[in-house]
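Step one of this worksheet: look at the structure below.
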Amino acid sequence: MRIAVFSDIHANRVALEAVLAVVAELQPDAIWCLGDVVGYGPEPEACVEIIAKRADLCLAGNHDLAVAGLVPLDDFSPDAAAAVRWQQPRLSPVALHWLAQRQPRLVQAGITLAHGSPRDPIWEYVLDAGAAAANLEYFDTQLCLIGHSHLAIAWRLQRQDEGTWVWVRLERRPPGETLDLTTTHRWLLNPGSVGQPRDGDPRASFALLDTEALTWTWHRVPYDVAAVDAAIRAAGLPWRLGRRLYSGQ
Ligand code: ZN
């Protein structure tokens, strides 16, 4: 099965539609979304509508649950909290209900999926080798797909010395170059962010997983950042949320 894996769309419809145009050419068997359809951006309703229709599966992210009123805003930055408050009254009851029905973690086709991490699926950022290693005991499949950090990276993991320590390696590949997963290692795989990349590349990010060949390929898709920045300003959302899209930070 070939699966297009998305995460962290963040109400950026322009980026999402650019990604879907590329995905249509790749003709995957399924589309999986790892959460955070809303938060930050100017078009939450459109993004919920598109994902509810097009994705075969979608997790809940911390922003989705915050907009649905299910988690508090205490741990959100001021700009993130402002965007949640702006989006809440602009979403239809149908969209809010759909968001509230999502789960932050599940196992599908023998693969673990979690928005943040298998250990703490709503909040944890897997940003370093220590966090990656600590998560190995929280999933028992070979592959675990995660989002939340907005970084297109993978962690290769293996227990050593009868489980006393975990060997970890960070893996990245340029867009279009395949990462070979046919090893005895286990993997935490992050497709990067569609709507607000933070790895220094402003292009929308997603990945293609081939579960038979056991390969993972990141893709980057340019989109009209200036149009989204203009929509963010016109909406009265914090201007920094538009500016950061130009640099992918
Ligand atoms: Zn996010």
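All ligand and atom numbering here is 1-based and tracks the order in the structure. Scope of the values below: all heavy atoms of this structure, side chains included, with no hydrogens, waters or symmetry mates.
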Distance only, no hydrogens: is a donor on one side chain within 3.5 Å (strictly under) of an acceptor on the other, for Thr141 and Thr112?
-> yes
Side-chain donor-acceptor pair under 3.5 Å between Arg156 and Gln158, yes or no?
-> no
Do you know which N/O/S atom name in Asp8 is closest to the Zn ion (ligand 1)?
-> OD1
Has His10 got an N/O/S atom less than 2.8 Å from the Zn ion (ligand 1)?
-> yes
Please determine which of Ile51, Asp36, Val37 meets the side chain to side chain contact (heavy atoms under 4.5 Å, CB included) test together with Phe6.
-> Ile51
Quick check: does His150 have an N/O/S atom under 2.8 Å of the Zn ion (ligand 1)?
-> yes
Strictly by modelled atom types, are Asn62 and His115 linked by a side-chain donor-acceptor pair under 3.5 Å?
-> yes
Could you tell me which N, O or S atom of Asp36 is nearest to the Zn ion (ligand 1)?
-> OD2
